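Okay, so here's the structure we're looking at.
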Amino acid sequence: MKLYDSVELAARNLRESVLRNSLTTLGISVGVASLVAMLSLGIGLQQLASRRLQRAGLFDTVVVSSRRDLRSFSREQETEGPAPAQSPELDENARAKIAALPEVVEAYPDLRFIAELRFEDKPHLTMIAGLPLSSKASDGFEGMQGRFFSGDDAHEVILQKMFAAELLGKSAHNPDEINVKEIAGPLIGKQLVLRYAERESGNGGSDSASYSVISRELPLTIVGVADLDPDSMRGNFRARLFIPQKLIEGMHAMQAYESRDSTHATSNQPVYSTLVARVSGAGKVDSAEQAIKKLGFNTFSILDATKSLRRFFAILDLFLGIFGSLALTVASIGIINTLVMAILERRREIGIMKAVGASDADVRGLFFAEAGAMGVLGGVFGVLMGWIIGRAINFGTNIYLVRQGFSREDIWTVPLWLIGAALGFSFVISLLSGLYPASRAAKLDPVQALRYE
Amino acid sequence: MGSATIRAVDGITLAVEPGEFIALLGASGSGKSSLLNLIAGLDSPTSGSIVVGERNLAAFSRGELAQYRRYAVGMVFQSFNLIPSMTVLENVELPLRFAEVERSKRGAMAKDALERVGLAGRIQHRPIELSGGEQQRVALARALINQPSILLADEPTGNLDSRTGTEVMELIRRLNESLQMTVVLVTHERDLAEKYAERLVSMGDGKVIGDQSNPARTLARGES
Ligand SMILES: Nc1ncnc2c1ncn2[C@@H]1O[C@H](COP(=O)(O)OP(=O)(O)OP(=O)(O)O)[C@@H](O)[C@H]1O
Ligand SMILES: [Mg+2]
C-alpha cells in the first residue's frame with residue numbers, strides 16, 4: 001500500500017473514535033509541552049547567565065602574569081614551558097611578543113594604584129586604573145554620561161558613578177540607587193588634581209633595590225561618569241577612577257602592589273605584574289592562551305571560570321529534559337494502550353483487509369501511520385502549549401522581578417532547534433510506541449480475526 | 001490449545017478444473033470452511049500441498065500468500081464482511097489500495113464492478129444502510145475488483161432470504177459463465193448446490209465422502 005493510502009486510512013480510523021484518539025493526542029501534547037517548557041526554561045536561564053557574563057565583558061580577554069610572580073593566577077602546576085626561575089619577565093619586550101600573536105588584538109599592562117586627589121579642595125583617596133581607547137566599545141560603558149577619552153594620553157578622567165557620588169558628598173550603598181544622569185551634570189567639565197608617587201630608578205648605585213619616590217601632581221578634566229557596577233567581574237574595571245592607558249603608563253607611578261616587591265624596580269624598563277591581552281573573539285581565547293603559555297607566562301581567562309558554570313547548566317538541562325521526557329513516556333504508553341485497544345476493536349477489520357489482499361506490511365504501515373499522525377498532531381499542539389506555558393511563566397516571573405525592584409529578564413527562550421527537536425522527538429516516540437501494536441496487528445491470523453465478532 | 005488434535009481437513013485429494021463451478025456440501029463442522037480457507041490462502045496446511053495453477057500455496061511465505069489473495073482469488077462470506085465505517089464505493093475500492101492501483105483509476109474501476117452487480121446507484125451509502133442481499137452484492141463487487149480467476153463463496157446466502165439468495169446466486173452463476181471464473185461454493189443447502197453447481201463434493205469429518213457431477217446442472221448447460 002502506498003504511504004498516502006496508509007495515511008488516509010489512518011486518518012479515517014482516527015476520526016472513527018475521535019474522543020479516544022483526541023485524549024491520547026492530548027496526552028502526547030502534554031508530554032511535549034512539559035519537555036519544551038522545561039528545556040526552554042533551562043536554555044533561558046543559561047542564556048541569562050551567559051548574558052550577564054558577557055555584559056561583564058571578560059569573554060575576550062586573557063590575563064597574563066609572569067611565572068616568576070608567586071601570586072600567579074594559575075593554581076595548577078604548569079607543565080609546559082620553562083620553570084619559574086628561567087621564565088621571562090613581563091616587560092615591554094614580552095608585551096610586544098604577546099601583542100604580535102595573531103589572535104591578540106592588543107596587549108596592555110594592567111596598571112592601577114592608589115592615589116590621593118583633590119576635588120574642590122577636598123581630598124579623596126581612591127584606586128586609579130588605566131583604560132585603553134578600545135574599551136570605549138566595551139559594553140561596560142553602556143549608559144555612560146559624558147564622553148570617552150579624546151586620546152590615549154589626554155589629561156582626562158572618567159569616574160565610576162559610586163565615586164562620582166562620593167565627590168558630590170552623596171553617600172549611597174546601593175549602586176542601583178544612583179542616577180548617573182543626575183550626578184554627571186555637575187561634574188563633567190570640572191577639574192580635579194591627582195597626587196601620586198612617581199618611582200625613579202636607583203641613582204646609579206650598586207644597590208639594585210634602591211630607587212627614589214617623587215611626589216607629583218597632575219590636573220585632570222572630568223569627561224565622563226560611567227554606569228559601571230563596582231563589583232563587575234571585569235578586572236580592569238575594578239577601580240573608581242579611570243585615566244587613559246598611555247597616560248598612566250607614562251606616569252611611572254608606584255603600583256599598588258609594588259612596594260613589597262622591590263625586585264621589579266631593578267631596571268629602567270618597567271616590569272608589569274599583569275598584562276591584559278584582548279583577543280579577537282571568544283572562540284580564540286583557548287588558542288591565545290596556549291600561545292601565551294608557550295611564551296612562558298601564566299594565563300587566566302573567564303572561559304576557564306565558566307567551564308564549571310557550563311557543566312552545571314549541562315546537568316540542569318539533562319535533569320529538566322529527563323523530567324520532561326517522563327511525561328512523554330507516560331504519553332507514549334497512552335499511544336500503546338490506544339493502539340492495542342484499536343487492534344482488539346478492529347480485529348475483524350484487519351481480518352477483512354488481509355482477506356482482500358493486505359500484506360503484513362500494509363497492516364503494520366496502517367498502525368504506524370496512526371501512531372505517527374497522533375505523534376505529529378500531539379507534537380504541534382504540545383509545542384504550542386509549551387510555548388504558552390513558558391510565556392506565562394516568563395510573564396509571571398517578570399511581574400515578580402519588577403515588584404522586587406529588578407529589571408525584567410527573559411528567563412525563558414524557545415530556540416527554533418528546540419521546536420524542531422520536540423516535533424521530531426514526539427514523532428519518533430510515537431512511532432516507537434506504535435512498534436509493538438503494529439507488529440501485533442500485522443501478525444494477526446486472518447482466519448481467527450474473521451471469526452471474531 | 002486443547003488436548004485433542006482436531007483434523008478440520010484431513011487427507012483430502014481434490015482437483016478443480018479452471019472455470020468449473022463446484023459446491024462443497026456437508027454438515028456443520030465437517031470442514032468445508034477450513035478447506036475453503038486453505039484454497040483462499042488465508043490458512044496454511046500442516047502438511048500436504050495446495051496447487052493453484054503451477055504454484056504450491058503450502059510453500060508460500062506470508063507475503064506471497066497476501067499477494068495471492070490480492071490477485072488470484074476473490075472471497076465472499078456468509079456475514080458479508082464489509083467495513084462498516086467505509087462507504088460502499090470505498091469498500092469495493094479497498095483491494096485496489098493494496099494492489100497500489102493509481103487513485104485516478106480506482107473510482108471508475110469500483111463503479112464498473114458495482115454496476116456489474118447492479119448497485120451503481122448506492123455507492124455513497126454505508127453498508128448498514130443496505131439490505132443483506134445488497135451487502136452481499138457489494139461483497140461480490142469487491143471480490144471481483146482485482147479480476148481474480150477464482151471465486152470462493154462461503155455460505156453466501158446463509159444470511160439471506162430465498163429470493164435475495166437466488167439473486168446473489170444468479171450473479172455468481174453469471175460470473176462463472178461470462179468471465180470463466182472458477183467458483184467454489186460452500187453450502188449446506190443441497191437444493192442450492194444442485195441448482196447451480198456442476199459438481200457436488202460432500203464432506204464429513206474433514207474428509208471427502210462423495211464427489212459427483214451434478215446431472216441436473218450439466219443437463220441444463222447442455223440445453224442452453
Ligand atoms: N481455530 C480452530 N481451532 C480449533 N478447532 C477449529 C478451528 N477452526 C476450525 N475448527 C474445527 O474444525 C472443524 C471444521 O470447521 P469448519 O469451520 O471448517 O466447519 P464447517 O464445515 O465450515 O462448518 P459450518 O457449516 O458450521 O460452517 C470444526 O470441528 C471446528 O470446530
Ligand atoms: Mg463454515
Side-chain angles (χ1 to χ4, degrees), chain A residues 1-21 338-339 341-370 373 438-453, chain B residues 1 8-9 33-38 40-44 60-87 90-103 106 126-127 138-139 141-146 148 152 154:
Chain A
M1 192 163 45
K2 294 217 171 78
L3 181 67
Y4 186 92
D5 282 304
S6 304
V7 172
E8 193 186 304
L9 286 182
R12 160 194 295 284
N13 285 334
L14 290 177
R15 261 184 276 124
E16 274 304 300
S17 35
V18 73
L19 180 64
R20 187 179 57 203
N21 292 316
T338 301
L339 290 180
M341 291 282 294
I343 294 176
L344 285 179
E345 252 172 40
R346 300 214 303 263
R347 232 183 136 100
R348 194 182 180 86
E349 198 175 305
I350 295 165
I352 296 170
M353 287 188 176
K354 288 201 159 185
V356 301
S359 65
D360 290 4
D362 290 334
V363 176
R364 203 179 300 125
L366 192 56
F367 275 78
F368 263 137
E370 280 177 46
S439 78
R440 225 181 104 150
K443 284 199 198 106
L444 271 188
D445 173 13
V447 179
Q448 303 254 358
L450 282 171
R451 195 170 293 156
Y452 186 88
E453 287 294 340
Chain B
M1 289 279 181
V9 175
S33 295
S34 299
L35 178 60
L36 199 73
N37 287 340
L38 287 172
L42 282 169
D43 215 344
S44 294
F60 274 16
S61 67
R62 287 173 75 92
E64 286 169 324
L65 280 176
Q67 184 113 0
Y68 166 79
R69 292 195 296 266
R70 195 180 303 154
Y71 297 109
V73 293
M75 272 196 103
V76 287
F77 306 85
Q78 179 174 351
S79 53
F80 319 136
N81 280 338
L82 299 173
I83 293 179
S85 62
M86 292 183 174
T87 64
E90 286 165 340
N91 263 290
V92 175
E93 249 187 52
L94 189 62
L96 297 177
R97 288 188 196 253
F98 301 126
E100 299 195 348
V101 172
E102 268 176 60
R103 295 180 76 76
R106 284 185 211 160
R126 297 277 166 132
V138 174
R142 182 181 65 187
L144 298 176
I145 190 95
N146 271 331
L152 305 174
D154 194 348

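Chain letters run A, B, ... following the sequence lines, proteins first and then strands; every chain starts at 1. These numbers were taken from a predicted model, which means no experiment stands behind them.
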[X] versus chain A, heavy atoms under 4.5 Å apart: side chain, backbone, both or neither?
{"X": "B/Asn81", "value": "both"}
{"X": "B/Leu82", "value": "backbone"}
{"X": "B/Tyr71", "value": "neither"}
{"X": "B/Gln67", "value": "neither"}

TODO: Would you mind checking if B/Arg70 and A/Asp362 are paired as a salt bridge, meaning a charged N to carboxylate O distance below 4.0 Å?
DONE: yes
Task: Lys/Arg N to Asp/Glu carboxylate O, A/Lys2 vs B/Glu102, below 4.0 Å - done: no
- [ ] Hey, could you give me the CZ/CG distance between A/Arg451 and B/Asn37, rounded to the nearest 0.5 Å?
- [x] 7.5 Å
- [ ] Could you tell me the separation between the NZ atom of A/Lys354 and the CG atom of B/Leu42, rounded to the nearest 0.5 Å?
- [x] 10.0 Å
TODO: Please flag which part of A/Arg12 lies under 4.5 Å from any non-hydrogen atom of chain B: side chain, backbone, both or neither.
DONE: side chain
TODO: Examine the side chains of B/Ser79 and A/Arg348 and answer whether a donor and an acceptor come within less than 3.5 Å of each other.
DONE: yes
Task: Donor-acceptor under 3.5 Å (B/Arg97 side chain, A/Ser6 main chain) - done: no
Open item on the list: side-chain contact (heavy atoms from CB on, under 4.5 Å) for B/Met75 and A/Val356? Distances and angles first, verdict last.
Closed with: CA-CA 8 Å; B/Met75 272 196 103; A/Val356 301; over 6 Å; no
Task: Top contributor to chain B interface from A/Glu8, A/Glu349, A/Arg346 [non-hydrogen pairs under 4.5 Å] - done: A/Glu8
Task: B/Ile83 vs A/Met353 side-chain heavy atoms within contact, under 4.5 Å - done: yes
Considering all heavy atoms of both residues, which atom of [X] and which atom of [Y] are nearest to each other, and what is their separation?
{"X": "A/Ala355", "Y": "B/Arg69", "answer": "O-CB, 3.9 Å"}
{"X": "B/Phe98", "Y": "A/Gly357", "answer": "CB-O, 3.9 Å"}
{"X": "B/Ala66", "Y": "A/Ala358", "answer": "CB-O, 3.7 Å"}

